[in-house]
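We name chains A, B, ... by the order of the sequence lines, and we start the count at 1 in each one.
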2 protein chains.
Amino acid sequence: MSSPDSSSRGTGRRSRDPEATRSALIEATVDLILRQGFAATSVGEICKQAGVTKGSFFHHFESKDAIGQAAIEWWGNFGTALYEEAWKDSGRDPLEHIGDLFSIMEGFTLDENRVCTCVVGIMSQETAQSNESLREMAARELERWTENAGRLIAAAKERHCPDADFDPEDVAWHLNSVWQGSMLIGKTIRNPSVIRRNLCMSREWLAGLFPDGVRSLLFSKQTN
Amino acid sequence: MSSPDSSSRGTGRRSRDPEATRSALIEATVDLILRQGFAATSVGEICKQAGVTKGSFFHHFESKDAIGQAAIEWWGNFGTALYEEAWKDSGRDPLEHIGDLFSIMEGFTLDENRVCTCVVGIMSQETAQSNESLREMAARELERWTENAGRLIAAAKERHCPDADFDPEDVAWHLNSVWQGSMLIGKTIRNPSVIRRNLCMSREWLAGLFPDGVRSLLFSKQTN
DNA sequence: TTTGACTAACCAACCGGTTGGTATGTAACA
DNA sequence: TGTTACATACCAACCGGTTGGTTAGTCAAA
């Protein structure tokens with residue numbers, strides 16, 4: 001749970017390393033949001049977990065909201081790294097990239113040491129109607145994911161069936177909704193396998209939108 | 001915003017009507033959960049909105065958790081009433097019932113006076129990992145919805161394509177995930193039309209699981 | 001190379017207000 | 001008269017945020 005690393009020491013002054021302090025605070029916030037939500041997390045708790053005093057906290061962040069924003073941003077970057085293989089332009093068939101995307105999501109559900117849930121989804125649920133600035137950041141991250149997925153789907157459509165009757169952006173929103181809804185349900189019924197089954201069905205559905213001949217590209221193993 | 005009904009009076013003693021008091025408290029809680037979440041809602045706020053004092057609150061509910069449970073239960077009953085047309089056994093083709101289900105969800109997104117969101121989804125997100133009793137109640141409601149939908153899908157499969165290669169319960173979980181995920185995303189990007197587009201795509205996908213001949217049953221207008 | 005002025009990082013103690021919850025009293029109904 | 005429904009007044013603990021002050025690093029002048 002609490003890592004005995006150099007960033008937190010039981011007693012005495014913290015070493016003077018502002019970036020490490022900032023990171024420790026943000027990472028503690030992300031962890032606490034994932035475990036109990038943002039509203040239920042107090043600044044004192046964040047400080048305790050990061051091994052930082054409250055005075056120091058408010059030197060780095062002007063408010064609790066501010067670290068909420070930083071946490072969303074941190075999670076956004078974490079996601080960008082996680083999905084790198086899918087988002088990056090490799091010259092391979094875009095359908096294969098979509099296959100990578102599914103594989104990455106599937107992989108995310110398989111980590112035994114972490115409950116499969118999402119800072120952006122949690123912050124969305126909690127702040128969408130009560131905190132405009134946090135809502136806006138969460139929305140931006142949701143849109144970023146959808147744009148990336150939509151770009152892949154549009155490219156695959158352009159290449160394989162430009163006249164097919166579906167809108168890539170709509171399909172991307174559907175996929176994002178399945179993803180968010182599955183994580184929400186998976187953690188609530190304490191059964192992450194429902195997430196994988198949903199991803200499997202969505203992948204199958206997506207495959208059905210493309211011609212039979214290229215269908216297998218969506219299911220090819222990730223070349224890493 | 002605040003309804004000037006008989007349940008709240010500015011000054012003086014509240015009329016002696018324990019059931020009305022209880023209802024007022026629960027309905028205030030549901031409303032506040034929908035607008036700002038459970039953790040961000042205080043008992044004082046609930047009391048103020050319901051026109052009840054705190055002493056009275058703790059006469060009816062032994063803790064904040066307890067009214068959280070009551071709110072989930074209230075929402076569950078609200079849902080049962082909302083979906084009645086779809087869940088009830090009418091002798092009509094089960095595929096038509098599934099069509100009703102989609103129409104009801106679609107209708108739920110269309111109310112201009114209410115943001116399309118769900119107490120169960122909110123409570124799931126907030127409590128799944130930090131409050132076992134609330135998590136369990138939310139999970140039970142998610143399972144109830146899925147069982148009802150799954151029963152319809154299973155009946156439709158039995159009648160129209162008993163040998164088809166899909167599991168009705170899996171499909172029902174997928175549908176529930178799309179529903180929850182769509183509401184989450186719809187309110188965050190402030191665009192409920194994404195929910196309707198997602199429902200439309202899921203309906204189309206479901207139709208594709210059944211033989212062409214019966215497809216239209218899923219799209220027939222609700223006979224009410 | 002020392003010194004000293006300046007700044008950013010950090011800290012313990014504290015602030016007014018709010019939290020979930022309680023103790024106690026009172027009025028209405030059976 | 002006893003029980004239930006309500007109200008008032010209160011509590012310790014905690015909330016987000018501020019205070020005034022200490023310490024460590026930077027850099028320029030001597």
Which listed nucleotide ([options]) is nearest to the side chain of [X]?
{"X": "A/P18", "options": "D/dG17, D/dG16, C/dA9", "answer": "C/dA9"}
{"X": "A/T21", "options": "C/dC10, C/dG20, D/dC6", "answer": "C/dC10"}
{"X": "A/S56", "options": "D/dA7, C/dC10, D/dG17", "answer": "C/dC10"}
{"X": "A/V52", "options": "C/dC11, D/dA5, D/dG17", "answer": "C/dC11"}
{"X": "A/T53", "options": "C/dT19, D/dC6, C/dC10", "answer": "C/dC10"}

When you look at B/S133 and B/N131, which way does the side chain to side chain donor-acceptor pair (under 3.5 Å) test go after all the steps? CA-CA 6 Å; B/S133 60; B/N131 187 316; 3.1 Å; yes

Considering the terminal five base pairs at each end of the helix from C/dT1-D/dA30 to C/dA30-D/dT1, what angle separates the two local helix axes, rounded to 10°?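 So the angle between the two local helix axes works out to 10°.
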
Please confirm whether the backbone N or O of B/Y83 pairs with a side-chain atom of B/K88, one donor and one acceptor, at under 3.5 Å?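 Side chain of B/K88 to backbone of B/Y83, a donor-acceptor pair under 3.5 Å: no, none is there.
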
Please check: side-chain N/O of B/Q69 versus main-chain N/O of B/A66, any donor-acceptor pairing under 3.5 Å?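 Checking the backbone N and O of B/A66 against the side chain of B/Q69, no donor-acceptor pair under 3.5 Å is found.
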
If I take atom [atom1] in residue [X] and atom [atom2] in nucleotide [N], what distance separates them, rounded to the nearest angstrom?
{"X": "A/R22", "N": "C/dA8", "atom1": "CZ", "atom2": "P", "answer": "15 Å"}
{"X": "A/L25", "N": "C/dC10", "atom1": "CG", "atom2": "P", "answer": "9 Å"}
{"X": "A/K54", "N": "C/dC15", "atom1": "NZ", "atom2": "P", "answer": "14 Å"}
{"X": "A/E45", "N": "D/dA13", "atom1": "CD", "atom2": "C1'", "answer": "14 Å"}
{"X": "B/E62", "N": "C/dG21", "atom1": "CD", "atom2": "P", "answer": "9 Å"}
{"X": "B/F61", "N": "D/dA5", "atom1": "CZ", "atom2": "C1'", "answer": "14 Å"}
{"X": "B/F58", "N": "D/dC11", "atom1": "CZ", "atom2": "P", "answer": "17 Å"}
{"X": "A/L32", "N": "D/dC15", "atom1": "CG", "atom2": "P", "answer": "12 Å"}

Can you see if the side chain of [X] gets near the phosphate of [N] - specifically, an N or O under 4.0 Å from OP1 or OP2?
{"X": "A/H59", "N": "C/dC11", "result": "no"}
{"X": "B/H60", "N": "D/dC6", "result": "yes"}
{"X": "A/S42", "N": "D/dC15", "result": "yes"}

Enumerate the residues from residues 64-72 of chain A whose closest heavy atom to DNA chain D is under 4.0 Å, giving them by residue number; use none for an empty result.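 Residues of residues 64-72 of chain A under 4.0 Å from DNA chain D: A/K64.
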
Would you say the side chain of B/D17 lies within less than 4.5 Å of the side chain of B/E19, judging by non-hydrogen atoms?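 Of all side-chain heavy-atom pairs linking B/D17 with B/E19, at least one is under 4.5 Å.
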
Using the six-membered ring of B/F102, assess whether NZ or CZ of B/R196 lies under 6.0 Å from its centre and within 45 degrees of the ring axis.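 Here B/R196 fails the 6.0 Å and 45° test against B/F102.
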
Tell me, please, whether A/F57 has A/K64 positioned over its six-membered ring: NZ or CZ under 6.0 Å from the ring centre and within 45 degrees of its axis?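 Here A/K64 fails the 6.0 Å and 45° test against A/F57.
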
Classify the side-chain pair [X]/[Y] by whether it contains a donor and acceptor separated by less than 3.5 Å.
{"X": "B/Q180", "Y": "A/Q180", "result": "no"}
{"X": "A/E45", "Y": "A/Q36", "result": "yes"}
{"X": "A/T80", "Y": "A/R144", "result": "yes"}
{"X": "B/H60", "Y": "B/T21", "result": "no"}

